[in-house]
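Below: one structure, written as structure tokens.
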Amino acid sequence: MLWRFGLALILSATVALSDPLTFAGKIALRSDLDGFGGLSAIEMRSGDEAIVLSDRGRAFSFNIDRAAQTVTAQPVPIPWTDRDTEGLAWANGQLFFSFEGPAELGRSNGRVLPRAPGYRTYPSNGGFEALAGLDDGTLIAIPERPSAGDNRIPLLRLLSGRWSTLAYLRPRNRFAPVGADMGPDGYLYILFRFFDAVGFRSHIARLDPGNPQAGLTPLLTTRLGDFGNLEGLAVWQSESGAICLTMVSDDNFLSVQRSELVEYALTETLAGGATCD
């Protein structure tokens, strides 16, 4: 069953919530490694280890020291050095990538997956920006902008080589989907971005893939300039039981923009002193 929603309504509802997400911290990212920057996707391997993807066909492993507020990066080889790599996801023990221009998906072995119907109709800079994976091998790919002739953004599902549409988004107020991940609680979390000449805002919402007609639940809308260009999202559970959302910002290889890790925790999971450790 398909459902539709107005993002403007979701954003206006945010003020009625009692802080469903709690800010957990941020770390500035700096490295002299070749190609470091343009960070657009992240997957957590554990609480202090991550794989981060640049939009210029580079990947890096991160070792995160939250106490020292530092991140150590090392290059990770991937077979997609000639693509606009935007999304990253684990599914059934494998690593997958999503691309813009054209909107496609690829495996870590260098093979392109079966293409979605109309995959070439998305704008060259509006293809598969967000990617999420499920344990059964399902992939959910979300373009940043609608295809030509449409005003809806589909949440596309790929399983066993077959594509279907899980839901449609109707973008409002210039918020666009740029990141997604399946949480350990079974919800699909989606990161949206707003940009104007003076800075960025971010919005986070989640939905139940098994009951998409219930719509999105808003969790957070940041103020203009709170953070940089947040594009990548990873949702994971810490050893102490907190559900944590780790985001990475794309500095577009510009010195005037910020590259950083930003973390929030699902407030309801912080009982008993749980943290994003």
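Both backbone and side-chain heavy atoms feed into the values below; hydrogens, waters and symmetry mates do not.
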Closest non-hydrogen contact found for A73 with L33 is O-CD1, 3.4 Å

Test item: S54 and F253 side chains (from C-beta on) under 4.5 Å apart, heavy atoms
yes

Could you check if a side-chain atom of L233 sits within less than 4.5 angstrom of a side-chain atom of T246, using non-hydrogen atoms only?
no

What distance do T269 atom OG1 and L21 atom CG have between them, rounded to the nearest 0.5 Å?
9.0 Å

Same apolar cluster: F60 and W236, side chain cutoff 4.5 Å:
yes

Check for me, please, whether F97 and V76 land in the same ILVMFWY cluster - side-chain distances under 4.5 Å, paths through other members count.
no

Heavy-atom closest pair, residues A274 and A242:
CB-N, 3.7 Å

Which heavy atom of A28 sits nearest a heavy atom of R30, and at what distance?
CB-NH1, 3.6 Å

Less than 4.5 Å apart, side chain to side chain, heavy atoms only: is that true for M247 and E263?
no

Taking the side chain as C-beta and beyond, is there a heavy-atom pair between Y187 and D181 under 4.5 Å?
no

Rounded distance [0.5 Å steps], CD in E239 versus CG in D48:
8.5 Å

When you check the side-chain N and O atoms of D55 and T85, is any donor under 3.5 Å from an acceptor?
no

What is the minimum heavy-atom distance between F128 and P143, and which atoms define it?
CD2-N, 3.8 Å

Which atom pair, heavy atoms only, marks the closest approach of A205 to P218?
CB-CA, 4.1 Å

OH of Y168 to CG of N151: how many Å apart, nearest 0.5 Å?
11.0 Å

Determine whether I243 and P184 make a side-chain contact, defined as any pair of heavy atoms from C-beta on separated by less than 4.5 Å.
yes

Would you name the heavy atoms of A59 and L53 that are closest together and state the gap between them?
CB-CD1, 4.2 Å

Do S259 and S249 meet the criterion of a side-chain donor-acceptor pair at a distance under 3.5 Å?
no

Closer than 4.0 angstrom, basic N to acidic O: yes or no for E144 and R193?
yes

Please determine if R206 and D185 form a salt bridge, counting it only when a charged side-chain N lies under 4.0 Å from a carboxylate O.
yes

N/O donor-acceptor pair under 3.5 Å between Q257 side chain and L254 backbone:
no

Under 4.0 Å between a Lys/Arg side-chain N and an Asp/Glu carboxylate O for R83 and E100?
no

Would you say the side chain of I42 lies within less than 4.5 Å of the side chain of L261, judging by non-hydrogen atoms?
yes

On the 0 to 90° scale, with breaks at 30° and 60°, tag the F99-W80 ring pair as parallel, tilted or perpendicular.
tilted

When clusters are formed by joining ILVMFWY residues with side-chain heavy atoms under 4.5 Å apart, either directly or through shared neighbours, do F194 and V198 land in the same one?
yes

